[in-house]
Visitor: 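Below: one structure in structure tokens.
By convention here, the first residue in the shown sequence is residue 1.
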Amino acid sequence: MNLSSIIVQVSPKYLDDVIKSITESDLWEYHLHDDKGRIIVTIEGENAEEEVSKLQELQALKHVVSAEMAFAYSADELEKAREKLDDNQKLPKWLNNPNANLSDIKYGGDLKGKY
């Protein structure tokens, strides 16, 4: 599952018309707008190709000047990144133990000046 937020720009005089077109479609979800003609919508898709297809349809709406992705989230990419972290880091098993006792943690230094 992919999810992206889109910033749509229209001329303020066509704002109501474009919002109506956006809200009448089930391809995306309207969230908010401002008086300068900026509209925020989200697009969901099973993959990037589906999202891009929906974005292109949004860009093709009458009176849309631009529609660009501002944020994208991919559950599959997140899971792959988590797996990579798990594979590359040799963490003690007890760190993932929900019953670990905080008093078992030994710390012999300080973080001052390390950042």
Visitor: Only counting residues at least two apart or in another chain, list the ones meeting ring-ring contact (aromatic ring centres under 6.0 Å, His included) with His31.
Guide: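 Applying ring-ring contact (aromatic ring centres under 6.0 Å, His included) to His31 gives none.
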
Visitor: Supply the atom-to-atom distance Glu50 CD to Met1 CE, rounded to the nearest 0.5 angstrom.
Guide: 8.0 Å

Visitor: Would you mind reporting whether Ile39 and Tyr30 have side-chain heavy atoms less than 4.5 Å apart?
Guide: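 Yes, their side chains come closer than 4.5 Å.
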
Visitor: Please enumerate all residues that pass side chain to side chain donor-acceptor pair (under 3.5 Å) together with Glu24, with sequence neighbours excluded.
Guide: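 Result, side chain to side chain donor-acceptor pair (under 3.5 Å) vs Glu24: Lys20.
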
Visitor: If you compare all heavy atoms of Gly37 against all heavy atoms of Pro12, which two are closest, and at what distance to 0.1 Å?
Guide: N-CG, 4.3 Å

Visitor: Could you tell me whether the side chain of Asp16 and the main chain of Ile19 form a donor-acceptor pair under 3.5 Å?
Guide: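 Not at all, since once roles are kept as given, no pair shorter than 3.5 Å links the two residues.
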
Visitor: Within a strict 4.5 Å, meaning less than it, do heavy atoms of the Leu55 and Gln59 side chains meet?
Guide: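 Counting from C-beta outward, Leu55 and Gln59 do come under 4.5 Å.
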
Visitor: Which value, rounded to the nearest 0.5 Å, describes the distance between Ser4 atom OG and Tyr73 atom OH?
Guide: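 Interatomic distance, Ser4 OG to Tyr73 OH, rounded to 0.5 Å: 11.5 Å.
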
Visitor: Under 4.5 Å between any side-chain heavy atoms of Glu44 and Trp28, yes or no?
Guide: no

Visitor: Using the rule that two of Ile, Leu, Val, Met, Phe, Trp, Tyr join whenever any of their side-chain heavy atoms come within less than 4.5 Å, decide whether Val65 and Tyr14 are in one cluster.
Guide: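 Unlinked, Val65 and Tyr14 end up in two clusters.
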
Visitor: Judged by atom type as modelled, is there a donor-acceptor pair below 3.5 Å linking the side chain of Glu46 to the main-chain atoms of Glu51?
Guide: no

Visitor: Do Val18 and Val64 come within less than 4.5 Å of each other through their side chains, counting heavy atoms only?
Guide: yes

Visitor: So do the side chains of Leu27 and Ile43 get within less than 4.5 Å of each other, counting heavy atoms only?
Guide: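 Side chain of Leu27 against side chain of Ile43, heavy atoms only: no contact under 4.5 Å found.
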
Visitor: Go through Leu3 and Thr42 one step at a time and tell me if the side chain to side chain contact (heavy atoms under 4.5 Å, CB included) criterion holds.
Guide: CA-CA 7 Å; Leu3 176 68; Thr42 52; 4.1 Å; yes

Visitor: Hydrophobic cluster mates of Leu32, side-chain heavy atoms under 4.5 angstrom, ILVMFWY only, any path?
Guide: Ile7, Ile40

Visitor: Any heavy-atom pair between the side chains of Lys13 and His63 that's under 4.5 Å?
Guide: no

Visitor: Check the pair Asp17, Lys62 against side chain to side chain contact (heavy atoms under 4.5 Å, CB included), reporting the backbone distance first and the verdict last.
Guide: CA-CA 9 Å; Asp17 294 338; Lys62 188 174 182 180; over 6 Å; no

Visitor: State, yes or no, whether a side-chain contact exists between Arg38 and Val8 at a heavy-atom distance under 4.5 Å.
Guide: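 A side-chain contact under 4.5 Å is absent here.
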
